[in-house]
Amino acid sequence: MAVPKSRVTELRYDASKIELKWQKRWEEDELYKVRDTAAGQKWYELTMYPYPSGDLHIGHWYAMAPADAHARFKRMQGYNVLHPMGFDAFGLPAENAAIREGIHPRVRTMDNISNMRQQLRRMGTMYDWDREIVTCSPDYYRWNQWIFLQFYKNDLAYRAYAPANWCPKDNTVLANEQVVDGKCERCDSMVERRELNQWFFRVTKYADELLDHSQIQWPEKINTMQTNWIGRSEGVDVEFDISEYGLKEKVLTTFTTRIDTIYGVTFVVLAPEHPLVEILTTPENKEAVDNYIVQARRQSEVERLSTDKAKTGVYTGAYCINPLNGRRIPILVADYVLRTYGTGVVMAVPAHDERDFKFAKKYGLPIEIVVSPDEWNGEELSTAYTGEGVQVNSEQFDGLHNTESISKIADYIESKGWGRRNKAYRIRDWLISRQRYWGTPIPIVYCDSCGTVPVEEDDLPVTLPDDAEFKPTGESPLKLNECFWKTECPSCGGIAIRETDTMDTFVDSSWYQFRFTSSGYTKGIFDPDLVSTWSPVDQYTGGAEHAVMHLLYARFFTKALRDLGLLDFDEPFIRLFNQGHIIANHQKMSKSRGNVIAPDKYVRRVGADAVRCYLMFLGPWDRGGDWSDTGLNGMVRWINRVWDLASRDLKFLKDTSIDGKAVADLNRMKHKTIRRVVSDMEQFKFNTVLASLMEYSNELNMVLERKSVDVKSWTDAVEKLLILMAPITPHISEELWSQFGHETSIHLEKLPDWDPELSSDDVVTLVVQVNGRLRDRIEIPAESVTEEEAVKLAKESDKVIPHIRGKVIKREIYVPAKLVNIVI
RNA sequence: GCCGAAGUGGCGGAAUGGUAGACGCGGUGGUCUCAAAAACCAUUGGGAGUUAAAUCCCGUGUGAGUUCGAAUCUCACCUUCGGCACCA
């Protein structure tokens with residue numbers, strides 16, 4: 001295999017010197033200071049803030065540099081742009097490092113932030129650092145606590161004893177969204193089940209509204225993922241009679257989406273955690289059931305839900321009655337039924353449900369067909385039939401197609417009072433408790449006499465103690481810190497204990513987009529005027545991996561804050577764009593592969609502009625790209641050529657013979673380039689933006705060689721190139737702009753308009769086909785050719801004549817100013 | 001298993017019903033140089049053809065279809081990537 005020689009393109013200029021010079025100047029001039037009341041329509045463009053891991057890696061660059069270019073572009077279009085930056089500063093890695101190395105999470109996090117802040121400046125970004133948010137600052141997290149209190153008052157936050165996903169490595173519980181393939185999303189450990197008292201946010205209250213994506217322009221993929229995650233199913237709750245046991249509960253309610261199969265129910269299954277299990281189980285079955293429940297509890301969620309696992313279960317010894325046919329059927333317990341979905345009770349129809357079928361086969365339970373497959377002649381099924389068909393064995397509904405009977409049977413059940421239509425959701429409430437130190441303390445106090453008491457708003461923030469001990473005990477380090485947990489009850493003044501769990505860090509990022517509008521505000525979570533000036537975010541960018549976590553939670557918060565009267569709109573982010581992932585040498589970057597690209601190294605060598613350029617050039621932003629050092633060289637070469645073009649001594653044009661056509665052609669090319677660049681920038685098509693700019697600069701090179709245009713045309717052509725490049729390569733554009741004698745920053749320039757007339761070609765190529773095959777290309781003046789003329793030209797072509805000579809022409813197709821197709 | 005996206009030169013990619021391969025990388029030949037690197041110029045999908053050209057044929061994962069015309073639309077299949085996966 002040929003190994004490409006490592007060649008390094010030399011820069012014509014000192015990139016670091018120039019870039020640092022302008023970064024300093026921009027800061028002194030407060031060039032990027034955002035003014036709430038500046039002229040121009042507002043444009044709020046936000047990119048997902050980073051976790052302060054210590055170093056800005058190439059993935060951060062890939063997310064932020066193109067986003068910065070786009071925000072700069074909007075600014076040059078005349079918008080008043082807010083494009084802020086902050087740090088998602090709470091989280092497990094800092095605390096785990098503290099356990100390992102003994103460095104306090106705050107110290108380490110703040111160190112990392114100051115390093116990354118410098119790296120972000122070095123990238124040449126236009127962030128206004130006065131608006132920075134650092135979520136581990138009490139000025140920020142006190143508002144997490146404030147929101148928690150409002151949620152608590154409005155029944156959107158509640159505490160419950162429930163089984164939770166426990167990560168044994170991170171020593172904390174996780175939200176459902178943070179469990180991927182049964183493993184911890186962060187550290188890949190197998191998640192265990194633990195029953196604990198936990199705080200939840202009632203995201204399910206907004207399930208229906210969250211399904212509505214009509215007010216946002218997001219990638220269909222993300223909308224679908226959210227829709228699937230919420231997982232609304234419409235069906236019927238049906239009550240099976242258990243009155244024979246003389247209990248308080250007279251019925252067992254099941255949820256089904258296949259009410260058409262109700263006559264085929266041959267047994268009913270309860271989730272092992274269902275409270276009726278204990279009550280209904282007969283004495284002779286008690287031991288078996290108890291053993292089964294213990295066994296089911298021991299299993300992790302993954303083991304229990306594994307699709308390939310054989311289905312297991314036990315009889316309770318109890319029976320219930322199907323209200324439709326009066327049949328008495330057995331009640332079982334099986335762990336394939338989930339307590340948390342629907343009613344936690346399943347009416348099993350083995351003939352028409354894959355899971356029930358397997359279960360029935362294993363335990364020898366009857367299988368009764370009630371929806372007939374096509375051409376079915378009464379034989380037994382070898383697998384569950386889940387398709388459509390005609391009702392059989394269904395009393396008065398026999399003969400109906402099941403697509404009809406679904407609503408007929410539901411109506412019948414409702415009219416008889418045996419049940420009602422209902423919906424079930426896959427999404428669960430958001431578990432926000434974390435048994436960790438480095439997060440927002442939950443502002444709740446437990447008092448022996450008053451119970452659960454919220455901290456007074458005036459007493460916020462509940463701050464993290466600095467002297468916590470970090471030990472991996474499985475409980476919050478705050479539990480070991482007496483100064484923290486020992487407190488007075490806000491209600492009775494007696495001795496009370498603080499909640500020692502902290503909040504999931506996704507709470508921080510659920511509303512940070514609003515805090516950026518007034519990040520220093522002390523009288524509330526945000527300034528009500530400024531939040532409505534800037535919000536919602538017009539353009540959000542970030543990775544698709546947050547589809548059902550951050551993006552869903554942020555939408556939930558927006559709706560909840562709206563209902564609390566704090567916001568007057570429904571969605572946090574109007575447009576969303578997901579960038580892809582950057583890889584290296586066709587492989588995912590990882591330390592173990594040793595192919596991690598360290599941007600700082602390249603920035604030192606060729607400057608931030610070249611790196612920015614290359615990241616935007618290497619492929620469509622949403623599809624990601626493959627880093628290659630030689631590819632970067634190409635960008636360096638191009639920037640060098642632009643440098644040469646723009647720093648040419650104009651004397652070379654002074655005594656040229658001006659060619660009127662060359663001037664007109666250059667002007668045409670200029671307008672065409674402006675049009676293409678603006679339109680592609682708008683759509684985040686940075687790679688084709690750069691291709692257009694390269695074509696334009698190649699054209700300028702040709703003009704330069706021929707020296708055929710006047711000084712004024714040349715200067716304007718080059719200045720327009722610099723303006724179009726400014727969002728992408730902010731430093732070099734600024735430098736060359738000032739070399740042209742401009743006193744003010746290029747970043748204060750408006751993007752030039754293009755003339756629609758001039759931005760299209762005056763001469764077009766007429767393509768001539770015979771039977772759809774290319775035979776000739778004829779240069780014709782645009783727009784001035786009629787169909788007759790075009791066809792005539794085509795038929796007269798020397799290259800076409802041999803193909804049509806002596807043939808009968810069946811059809812002539814003409815696409816104006818583009819193509820003639822002669823069909824023979 | 002289900003849902004979704006994608007498959008184009010040696011490589012990254014452009015073109016979303018009308019000139020396939022823009023732009024860039026890499027390669028080849030040349031200029032400059034003692035030499036190299038850098039830079040610059042030319043060339044670069046495959047094949048047939050010719051002294052040279054003209055010209056022709058093939059070509060966008062595979063196979064069919066729609067159309068005057070398909071990388072683009074439709075169907076089936078293959079591969080890769082992403083998401084979901086006992087949710088009744």
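Residue numbers start from 1 in every chain, and the chains themselves are labelled A, B, ... in the order their sequence lines are given, proteins ahead of strands. Keep in mind that the numbers below use all heavy atoms, side chains included, and drop hydrogens, waters and symmetry copies.
Nearest to the side-chain atoms of A:Arg426 among the listed nucleotides B:rC84, B:rG18, B:rG24 stands B:rC84. Listed nucleotides B:rG18, B:rG24, B:rA85 differ in distance to A:Val815; the shortest reach to its side chain belongs to B:rG18. Closest contact between the side chain of A:Arg623 and the listed nucleotides B:rC23, B:rA14, B:rC41 involves B:rA14.
Residue A:Lys799 is in sugar-phosphate contact alone, with no base atom involved, counting any heavy-atom pair closer than 4.0 Å across all strands shown. Contact annotation for A:Arg232: no contact, since no heavy-atom pair falls under 4.0 Å across all strands.
Straight-line distance between the C1' atoms of B:rU8 and B:rG61: roughly 10 Å, to the nearest whole Å.
Taking 4.0 angstrom as the limit, A:Arg811 places a side-chain polar atom (N or O) nearer than this to OP1 or OP2 of B:rC68.
No hydrogens or angles considered: nothing links the side chains of A:Asp609 and A:Thr729 as a donor-acceptor pair under 3.5 Å. No donor-acceptor contact under 3.5 angstrom links the side chains of A:Thr541 and A:Gln579, judged on distance only.
Taking a pair to require two hydrogen-bonding distances under 3.5 Å in either a Watson-Crick or a G-U wobble arrangement, B:rG29 pairs with B:rC41.
In this structure the side chain of A:Glu699 never reaches within 4.5 angstrom of the side chain of A:Thr673, judged on heavy atoms.
With respect to A:Glu695 and A:Lys672, no salt bridge is recorded, no charged nitrogen being found less than 4.0 Å from a carboxylate O.
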